[in-house]
Amino acid sequence: MAELNTGGDEGKKGGKVRSKKQNSKVDLTAMVDLAFLLITFFMLTTSLSKPQSMNLNLPDKKTDPNEEQKDINVDERRTMTVILGKNNQMTWFMGLADNPIIPPTKDKYGKDGIRKTLLKKVKEVPEIVQDAKKGLIVIIKPTKTSTYRNLVDILDEMAICAVPTYAIVNDFDNAKEKQIAAEISK
């Protein structure tokens, strides 16, 4: 138990005999307990900086490994492929790589680059397919030479432009896509 002693008149000799006074004591135990309670309270209630994150929906795991993947037919007029390359380069095209509706176009990141294109396509695609529920689908394909920052930047553009559906695909299954990726990865 912690205590605070205030000095007394012990040890004086001679003179009048007075009654012995008790030393005043202040018990500091409660103050120490209170200090620890306050420290604990503020440690638990203080919020630290929260990490910024973006929600990504991942596909469900297959329950049956023998189950074949169903082919999903998507209107090629709705599909835009963005290939990320080296040195902050990107190329995009509409439709299929073998026979694109809009040929591969080099673009840059930011409001003067891909954002203008995405905003335009987000408005155009429902009008082209004549269904307001069917919007733009963007397939993002980073190459091995692209950086993590490029991927985050293009995901930010998806959020800014309110692209309804987008996916990250890390393989190039088409010869034309491989050729485009090789050109911007040099």
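- Note: the hydrophobic cluster containing Trp92 also contains Val122 (ILVMFWY, side chain heavy atoms under 4.5 Å, direct or indirect links).
- Put simply, the side chain of Met94 reaches to within 4.5 Å of the side chain of Leu136, judged on heavy atoms.
- Under the 4.5 Å side-chain heavy-atom criterion for ILVMFWY residues, no single connected hydrophobic cluster contains both Ile139 and Met158.
- Between Phe93 and Ile83 there is a side-chain heavy-atom pair separated by less than 4.5 Å.
- Put simply, the side chain of Asp131 gets close to the backbone of Lys133: a donor and an acceptor are under 3.5 Å apart.
- Remark: the backbone N or O of Gly135 is paired with a side-chain donor or acceptor of Arg78 at under 3.5 angstrom.
- Considering only heavy atoms from C-beta on, Asp107 comes within 4.5 Å of Thr117 through its side chain.
- Of all non-hydrogen atoms in Leu118 and Cys161, the two that sit nearest each other are CB-SG, 3.7 Å.
- Both Ile114 and Ile101 are assigned to one and the same hydrophobic cluster, defined by single-linkage of ILVMFWY side chains at heavy-atom distances under 4.5 Å.
- For the atom pair CD1 of Ile102 and OG1 of Thr81, the computed distance is 11.5 Å after rounding to the nearest 0.5 Å.
- Here the NZ atom belonging to Lys111 is positioned 12.5 Å from the CG atom belonging to Leu119, to the nearest 0.5 angstrom.
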Would you sort out whether Val125 and Lys134 count as a side chain to side chain contact (heavy atoms under 4.5 Å, CB included), showing the intermediate values? CA-CA 8 Å; Val125 168; Lys134 294 184 178 180; over 6 Å; no
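- Between Asp153 and Glu157, every side-chain heavy-atom pair lies at or beyond the 4.5 Å cut-off.
- Panel note: side chain Ser146, backbone Lys86; no donor-acceptor pair is recorded below 3.5 Å.
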Verdict with supporting geometry, Ile154 and Leu84, side chain to side chain contact (heavy atoms under 4.5 Å, CB included): CA-CA 9 Å; Ile154 197 69; Leu84 309 177; 4.0 Å; yes
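- Among all heavy-atom pairs drawn from Glu76 and Leu96, the shortest one is OE1-CD1, 3.5 Å.
- When all heavy atoms are compared, the tightest approach of Pro142 to Leu151 is CG-CD1, 4.5 Å.
- In this structure, Tyr109 is a member of the same hydrophobic cluster as Ile168, with clusters built from ILVMFWY side-chain heavy atoms closer than 4.5 Å.
- A salt bridge between Lys108 and Asp112 is absent, with no side-chain N of the basic residue lying under 4.0 Å from a carboxylate O of the acidic one.
- Neither Phe42 nor Phe36 shares a network with the other; the hydrophobic side chains, linked directly or stepwise wherever heavy atoms of I, L, V, M, F, W or Y lie under 4.5 Å apart, form separate groups for each.
- In terms of heavy atoms, Arg77 sits closest to Ile128 at NH1-O, 3.6 Å.
- A donor-acceptor pair under 3.5 Å is absent between the side-chain atoms of Thr45 and the main chain of Met43, judged by distance alone.
- Taking 4.5 Å as the limit, every side-chain heavy atom of Asn150 sits out of range of all side-chain heavy atoms of Met90.
- The closest side-chain heavy-atom distance from Val138 to Lys121 is not below 4.5 Å.
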